[in-house]
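Read through the structure below, which is laid out as structure tokens, and then see the notes.
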Amino acid sequence: MSNLYEIEVPPGLSAFKACGGNPESEHETCATLREVPGVVGGLWVMGDTKRPGVELRFSTAELAAAGIDPARFDTAV
């Protein structure tokens with residue numbers, strides 16, 4: 001598997017978010033998730049709405065092993 005952080009993520013990819021903790025509040029915490037198409041083994045980029053520019057990258061297998069279900073990220077950003 002290649003280093004996921006060496007793969008260029010194209011700008012403008014659709015992002016989805018999952019929120020929890022403080023609904024309808026300025027203190028709401030949301031995780032964002034974007035899928036990068038065309039990467040063998042999959043590439044998913046996870047971020048945090050409170051820390052723009054900070055991201056974690058996962059292959060599809062790593063995302064599943066971490067128990068992260070993309071279906072729970074249903075609100076488009």
Side-chain angles (χ1 to χ4, degrees):
M1 177 183 302
S2 47
N3 181 339
L4 298 179
Y5 289 91
E6 292 177 350
I7 298 170
E8 185 175 341
V9 176
L13 289 177
S14 296
F16 296 89
K17 68 180 178 178
C19 303
N22 298 300
E24 307 294 326
S25 165
E26 66 196 56
H27 303 291
E28 178 69 293
T29 301
C30 301
T32 60
L33 190 65
R34 296 177 287 156
E35 182 178 15
V36 179
V39 177
V40 175
L43 173 54
W44 297 84
V45 180
M46 179 173 275
D48 182 335
T49 57
K50 298 243 182 211
R51 299 199 59 196
V54 176
E55 63 184 30
L56 295 173
R57 296 184 179 194
F58 299 88
S59 67
T60 299
E62 291 170 331
L63 198 70
I68 301 168
D69 180 1
R72 297 188 67 202
F73 291 75
D74 58 359
T75 306
V77 175

Identify which one of Asn3, Val9, Ile7 satisfies the side-chain contact (heavy atoms from CB on, under 4.5 Å) criterion when paired with Tyr5. Asn3
Would you list the pairs meeting salt bridge (Lys or Arg N to Asp or Glu O under 4.0 Å) in which at least one residue belongs to residues 2-15, sequence neighbours left out? none
Does anything in residues 30-54 form a salt bridge (Lys or Arg N to Asp or Glu O under 4.0 Å)? List the pairs, not counting sequence neighbours. Arg34-Glu55
Evaluate Arg57 against Val36 for side-chain contact (heavy atoms from CB on, under 4.5 Å), listing each step before the verdict. CA-CA 10 Å; Arg57 296 184 179 194; Val36 179; over 6 Å; no
Is any side-chain heavy atom of Thr32 closer than 4.5 Å to one of Phe73? no
Those residues that, when tested against Pro37, pass side-chain contact (heavy atoms from CB on, under 4.5 Å) (two or more places apart): Leu13
Nearest-0.5 Å distance, [atom1] of residue [X] to [atom2] of residue [Y]:
X: Lys17; Y: Thr49; atom1: NZ; atom2: OG1; value: 6.5 Å
X: Leu33; Y: Leu56; atom1: CG; atom2: CG; value: 11.0 Å
X: Phe16; Y: Asp74; atom1: CZ; atom2: CG; value: 9.0 Å
X: Leu43; Y: Leu63; atom1: CG; atom2: CG; value: 10.0 Å

Smallest heavy-atom separation, Ser59 atom then Gly41 atom, equals CB-O, 3.7 Å
